[in-house]
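Okay, structure first, notes after.
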Amino acid sequence: MFREEVYAIVKRIPRGKVATYGQIAALTGDRLRARAVGNTLHRNTEQFAVPCYRVVNARGELSAAYGFGGREEQALLLRLDGIEVENGAVDLERYGWNPNECE
DNA sequence: TAGATGACTCACA
DNA sequence: ATGTGAGCCATCT
């Protein structure tokens, strides 16, 4: 299922980096699925096993309706990963995950 | 089965 | 720089 693919990709995100919905959507096949990716993660059933906190929008901003404790918790987790979160957003130029590098 | 929703993205005013 | 509109897709009710 599409959801599982999204989960797998999110799980592949290395610690210390973040990915955008569009990026994940592109990895699943089409970048136009960005919306579906977000929705899928929102309805995700494996949030406990999927680091969805490493997933942000195209601007690097955290999700406003994070299904956990809100962007605060998400920001905290990102900081634990070594990512600097400023005003609920990260620098994709620095922490943006490059799936081609496959760490 | 069909309709509505959403953690998206891009473009234009 | 912010606000609104349109396009796309998967999941939910």
Side-chain angles (χ1 to χ4, degrees):
Chain A
M1 214 169 202
F2 175 72
R3 315 168 18 167
E4 300 184 7
E5 294 184 47
V6 175
Y7 298 152
I9 295 171
V10 175
K11 288 177 186 172
R12 280 174 189 164
I13 301 174
R15 173 184 166 289
K17 294 202 174 181
V18 299
T20 69
Y21 297 96
Q23 194 105 60
I24 297 171
L27 292 175
T28 59
D30 296 294
R31 52 186 274 169
L32 303 181
R33 296 178 166 172
R35 204 176 226 180
V37 174
N39 199 336
T40 298
L41 283 177
H42 174 87
R43 314 283 188 189
N44 87 55
T45 58
E46 302 185 53
Q47 75 173 191
F48 53 88
V50 180
C52 40
Y53 64 87
R54 288 180 185 157
V55 184
V56 297
N57 64 20
R59 283 184 185 172
E61 299 171 19
L62 278 55
S63 307
Y66 186 62
F68 222 90
R71 50 185 197 233
E72 305 178 40
E73 194 64 42
Q74 189 175 6
L76 177 62
L77 294 170
L78 289 172
R79 287 178 185 174
L80 292 177
D81 264 14
I83 299 173
E84 285 187 34
V85 181
E86 42 188 313
N87 196 0
V90 302
D91 190 337
L92 292 177
E93 297 302 301
R94 285 175 54 130
Y95 306 106
W97 173 48
N98 191 331
N100 299 318
E101 293 183 350
C102 186
E103 293 184 46

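In what follows, chains carry the letters A, B, and so on, assigned in the order in which the sequence lines appear, proteins first and then strands, with residues in each chain numbered from 1.
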What is the distance, to the nearest angstrom, from the [atom1] atom on [X] to the [atom2] atom on [N]?
| X | N | atom1 | atom2 | result |
| --- | --- | --- | --- | --- |
| A:Gln23 | B:dC10 | CD | P | 11 Å |
| A:His42 | B:dA4 | NE2 | C1' | 14 Å |
| A:Tyr7 | B:dA7 | OH | C1' | 12 Å |
| A:Arg59 | B:dC10 | CZ | C1' | 10 Å |
| A:Leu41 | C:dA10 | CG | P | 14 Å |
| A:Asn44 | C:dC12 | CG | P | 11 Å |
| A:Leu78 | B:dA7 | CG | C1' | 13 Å |
| A:Arg3 | B:dA7 | CZ | C1' | 15 Å |

Indicate the atoms forming the closest heavy-atom contact of [X] with [Y], along with that distance.
| X | Y | result |
| --- | --- | --- |
| A:Leu78 | A:Tyr53 | CD2-O, 3.3 Å |
| A:Ala34 | A:Ala25 | N-CB, 3.3 Å |
| A:Gln74 | A:Val55 | NE2-O, 3.3 Å |

(request) Check if the side chain of A:Tyr21 and the base of B:dA7 share a donor-acceptor pair of N or O atoms closer than 3.5 Å. (result) yes
(message) For B:dA7 and A:Arg71 - does any side-chain N or O of the residue sit under 4.0 Å from the phosphate oxygens OP1/OP2?
(response) no
(message) OP1 or OP2 of C:dT11 versus the side-chain N and O atoms of A:Arg43: is any pair under 4.0 Å?
(response) no
Categorize [X] for me: base, sugar-phosphate, or nothing, with a 4.0 angstrom heavy-atom threshold over every strand shown.
| X | value |
| --- | --- |
| A:Phe2 | sugar-phosphate |
| A:Asn39 | base |
| A:Ala36 | base |

(request) Measure the spacing between NZ of A:Lys17 and CZ of A:Arg54 and express it to the nearest 0.5 Å. (result) 11.5 Å
(request) Select one nucleotide: of B:dC10, C:dT11, C:dC9, the one nearest the side-chain heavy atoms of A:Ala58. (result) B:dC10
(request) From the options C:dT11, C:dA10, B:dA7, select the nucleotide whose nearest atom is closest to the side chain of A:Ala65. (result) B:dA7
(message) Could you check whether any side-chain N or O of A:Asn57 sits under 3.5 Å from a backbone N or O of A:Gly60, counting only pairs where one atom can act as donor and the other as acceptor?
(response) yes
